[in-house]
Colleague: 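Sharing a structure below in structure tokens format, with a few things to ask.
Along the sequence shown, residues carry numbers from 1. Both counts, for ligands and for their atoms, begin at 1 and track the order of listing. Here the structure is a predicted model, which means the values were calculated and not measured.
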Amino acid sequence: MNGALLAECVTWLIISVRFNCFMNIKSLDDNLNLEGKRVLLRVDFNVPINDGTITENSRIEKVLPTIKYLINKKAKIIIISHLGRPKGKIIPELSLKPIGKKLSSYLNQDIKFLNENIGSLVIENSKKIPNGKILLLENLRFNKEEELNTKNFAKELSKIGDIYINEAFSCSHRAHTSVCEITKYINSFAGKQLVEEVNTIKMLINDAKKPVTCIIGGSKISTKIGILNSLIKKMETIVIVGAMANNFIKHNGFNIGQSIFEKNQEKLLVEIIKKCKANNCKLVLPQDVIASKNHKAMGQLKNLDEIDDTDLILDIGEKTIENILKIIDESRTVLWNGPAGYFEVKEFSVGSNKIANKIYDNTKNKSLISIAGGGDTVAAINSFKCSDGFTYISTAGGAFLEFLEGKVLPGIKALETNE
Ligand code: 3PG
Ligand code: MG
């Protein structure tokens, strides 16, 4: 065995030992005979749809290897997912039917769709699927029991498959029936993509090289407070951008005009600022912004004291961008969740675009470790054609953040074994 090969084997040995320590979840064994077996596959097809058109395909593309694997294994594949937040009502715009069409074009095979997800018709159809073919069921959240994690719905769902696979890391922070309760009634496994995602994020975080910088954007400060609180202790720098930064700008006494911000968060802000000081973590906020009177265009570069009552803050300004790029240059690990501005409109995408490109360059040329997560962040990175420059990109948003925070995700816990 040559030196390089030996080094590689040792690395793999270390990685596998660590992986095993990470969690005791039952993952799919390649020796399992799946021929003719009904495999109930929980995926996350919660993709953005605009006027009936899917605008971001990453979550569909992510599970293609698993689906192809099951096709090769000649399984009868039954796919289940949620889409949006219909809250137990049937909302035609949130049907999974168009996603079935998209999936069918990726796989080059017809996919049968049923506008139900439990009951005798579904069970009957699940048995009739030819080996290696797919049945897609309707949005799980059209049934109000999905979000209630009920025994009844779990039992009904479990009748549709012989085995169950959770391939939806991005939903595993939800204690919902199709990711949690169901595992009590059917032989359940973690999908290969889920295992890889969990292990990769953990390994990268454990191996994070200092200095570590976390760039947090997006809008809801209250949903990100947990992660901020836990990351402050681990990071050298936290950069706050996007609508989240508006709360801090306002807190610091500046006018934010008509910009989005979250009310009643003062206590949380003070806590974050205090904690950063106590832990020697640098808190970086925008110094200037691009403001506009509407979301369409015509932004103007403004210092914070120039923002007026009719302004909307839609991107970070030049000085802020320059500062963030310098921070990325000085970092050896960067975590990114949440765009810096309203990137859907090109004029307001400059901040996110420059951040993405800087991370891309440094990951490629300076071995920066870069991890990004969240639906909008992934969409932004893809639109800037930077995705192949990141060490790892997670399609998960909330689950990614809760996982980084160190929380035990209910969907992952439900797959744990005592062996
Ligand atoms: C997500 O996009 O975060 C997951 O699909 C879960 O959806 P939810 O946030 O509506 O529960
Ligand atoms: Mg979410």
Colleague: In ligand 1, which numbered atoms sit nearer than 4.0 Å to a non-hydrogen atom of Arg141?
Modeller: 7 (O), 8 (P), 10 (O), 11 (O)
Colleague: Could you tell me if any non-hydrogen atom of His82 lies under 4.0 Å from any atom of ligand 1?
Modeller: yes
Colleague: Could you tell me whether Ile123 atom CD1 has more than 12 heavy atoms of other residues or ligands within 6.0 Å of it?
Modeller: yes
Colleague: Nearest heavy atom to atom 5 (O) of ligand 1: which of Asp44, Leu401, Val43, Thr395 does it belong to?
Modeller: Asp44
Colleague: Is there a polar contact between ligand 1 and Arg59, counting only N or O atoms under 3.5 Å apart?
Modeller: yes
Colleague: Suppose I only count heavy atoms of Arg174 and a 4.0 Å limit; which atoms of ligand 1 are within that range?
Modeller: 8 (P), 9 (O), 11 (O)
Colleague: Contact between Ser170 and ligand 1, counting heavy atoms under 4.0 Å?
Modeller: yes
Colleague: Assess whether a salt bridge exists between Glu322 and Lys326, defined as any Lys/Arg side-chain N lying under 4.0 Å from an Asp/Glu carboxylate O.
Modeller: no
Colleague: Give the residue, atom name and distance (to 0.1 Å) of the protein heavy atom nearest atom 10 (O) of ligand 1.
Modeller: Arg85 NE, 2.7 Å
Colleague: Pull out every atom of ligand 1 sitting under 4.0 Å from any heavy atom of Asn46, numbered as shown with elements.
Modeller: 1 (C), 2 (O), 4 (C), 5 (O), 7 (O)
Colleague: Is it the case that the side chain of Thr213 and the backbone of Ile238 share a donor-acceptor pair, with hydrogens and angles ignored and the cut-off at 3.5 Å?
Modeller: no
Colleague: In terms of relative ring orientation, are Phe390 and Trp336 parallel, tilted or perpendicular, with 30° and 60° separating the classes?
Modeller: parallel
Colleague: Work out which heavy atom in Ser394 is nearest to a heavy atom in Glu197; give both atom names and the distance.
Modeller: OG-OE2, 2.5 Å
Colleague: Within a radius of less than 6.0 Å around CG of Asp110, do more than 12 heavy atoms belonging to other residues, nucleotides or ligands occur?
Modeller: no
